[in-house]
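Keep in mind it's a predicted model, so treat the numbers as computed, not measured.
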Amino acid sequence: MMKIKKAVITAAARGERLYPVADTIQKAMLPVVDVDGLHKPVIQIIAEEALSSGIEELCVVCAPGDGPRYLEAFGSLRDNLLRSYQGIDWAREEAEKIDHLLSRLQFAEQPEARGYGHAVYCAREFVSQEPFLLLLGDYLYVSDVPRQRCAAQLLALAAQEGCSVSAVNPTIEHQVSRYGTITGKHLAGQVGVYQIDKIIEKPSLSLAELELQTPGLRAGYYLCFFGMHVLTPAVFSILQSQLEAGGPNVLLTPALQELATTEKYLALEVRGSRYDLSRKQGLLRAQIALGLAGEAHDETLTTLVELLAEANSRKAQLS
């Protein structure tokens with residue numbers, strides 16, 4: 001079986017859609033309450049998604065100078081936990097998690113903004129000749145499978161099949177323009193597994209209707225990228241060819257399309273949900289989802305009910 005030990009997290013973008021917050025703090029360091037009820041930076045939640053799924057080494061692709069800022073922020077967070085909550089078990093355990101994360105963490109700088117494919121290419125020396133898990137620095141995930149993360153589902157299939165695998169989700173038609181969208185043939189005997197035929201980045205609905213219909217899906221749904229992939233190192237030679245062609249932006253999707261024509265490449269319907277933090281209300285949606293999926297379920301549900309009741313009361317008073 002193929003062993004995937006490394007993960008790459010792309011976090012070089014400045015987060016224009018989160019302006020002005022991202023002007024004062026790296027968007028990957030924004031705090032969110034995780035399923036265990038603790039406040040954590042987004043990047044830590046993403047890293048724990050990987051580490052809890054069996055990944056051993058992490059590389060964050062960041063903007064120039066951001067690596068030391070991440071290290072300083074995590075060091076400060078660990079020290080504050082130990083100083084402010086002396087003798088408290090959860091604080092000590094959380095500080096140990098941060099130390100574990102830092103011991104597995106490396107950085108690769110993206111010297112200039114030349115697209116998502118270029119950001120991935122910047123991790124080539126870290127990856128070397130090994131398969132790797134690729135995660136986005138502004139996506140959070142909630143698994144529908146007890147005690148199995150979304151990344152673990154993906155890694156299990158990639159290891160079993162010994163090939164690249166992209167996570168996908170059936171997505172309603174009016175949202176396809178937000179995501180890379182694929183079509184392919186369902187593999188007999190495997191639930192939610194497809195041999196990828198075609199990938200188009202953020203297609204229009206008319207183009208999706210024409211070229212990306214996947215037999216077996218509900219009417220009006222398409223298979224869209226979930227924000228995580230397991231890729232073989234062959235993707236780097238494809239990206240290098242794009243770089244040498246001299247275009248201003250190097251995109252990942254065309255490289256994945258070429259990968260699909262040169263080697264075995266599958267898609268897996270991951271049982272879970274993805275939350276894009278850069279979207280409008282993205283942080284709010286992610287926070288509610290994590291709250292409902294975790295230890296703060298009752299508190300989150302109570303808060304939502306109270307807020308809805310207050311909103312309805314105000315609306316009634318204004319009517």
Of all the heavy-atom pairs spanning [X] and [Y], show the shortest one and how long it is.
X	Y	value
Gln153	Leu268	O-CD2, 3.6 Å
Gly184	Asp197	CA-OD2, 3.6 Å
Leu259	Ile238	N-CD1, 3.8 Å
Leu292	His297	O-CD2, 2.9 Å
Val42	Gly137	CG1-O, 3.8 Å
Cys150	Gly272	SG-CA, 4.2 Å

Using 30° and 60° as the class limits, which term best fits the ring planes of Tyr141 and Tyr139: parallel, tilted or perpendicular? tilted
Please tabulate, for the side chains in residues 91-100, all donor-acceptor contacts under 3.5 angstrom to protein atoms that are two or more places apart in sequence or on a different chain.
residue: Arg92; atom: NH1; partner: Asp89; partner atom: OD1; Å: 3.0
residue: Glu94; atom: OE2; partner: Gln44; partner atom: NE2; Å: 2.9
residue: Asp99; atom: OD1; partner: Arg78; partner atom: NH1; Å: 2.9

Side-chain H-bond candidate by donor/acceptor type, [X] with [Y], under 3.5 Å:
X	Y	result
Asp138	Ser278	yes
Glu263	Thr232	yes
Arg274	Thr171	yes

Suppose clustering is done on Ile, Leu, Val, Met, Phe, Trp and Tyr with side-chain heavy atoms closer than 4.5 Å. Which residues sit in the same group as Leu207?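 Result for Leu207 is Val176, Ile200, Leu205, Leu212, Tyr222.
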Determine whether a donor-acceptor pair (N or O, by modelled atom type, separation under 3.5 Å) exists between the side chain of [X] and the backbone of [Y].
X	Y	result
Ser84	Leu81	no
Ser53	Ala152	yes
Gln287	Val33	yes
Arg124	Tyr121	yes
Ser52	Glu49	no
Lys6	Phe126	yes
Ser313	Ala309	no

Are the aromatic ring centres of Phe226 and Tyr179 under 6.0 angstrom apart?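 No.
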Looking only at the aromatic ring of each residue, does the gap between the centers of Phe236 and Phe132 stay below 6.0 angstrom?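 Yes, the ring centres sit under 6.0 Å apart.
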Glu244/Gln240 under side-chain hydrogen bond (donor to acceptor under 3.5 Å, both in side chains): CA gap, chis, key distance, verdict: CA-CA 6 Å; Glu244 291 171 351; Gln240 184 172 353; 3.2 Å; yes
Taking the basic N atoms (NZ, or NE/NH1/NH2) and the acidic carboxylate oxygens, is any pair closer than 4.0 Å for Arg69 and Asp66? yes
Side chain to side chain contact (heavy atoms under 4.5 Å, CB included) between Asp34 and Glu48, intermediate numbers included: CA-CA 10 Å; Asp34 200 1; Glu48 289 179 359; 3.9 Å; yes
Report yes or no: is the cationic atom of Lys185 (NZ for Lys, CZ for Arg) closer than 6.0 Å to the six-membered ring centre of Tyr194, at no more than 45° off its axis? no
Within the structure provided, determine whether Leu58 and Val60 are in side-chain contact (heavy-atom separation under 4.5 Å). no
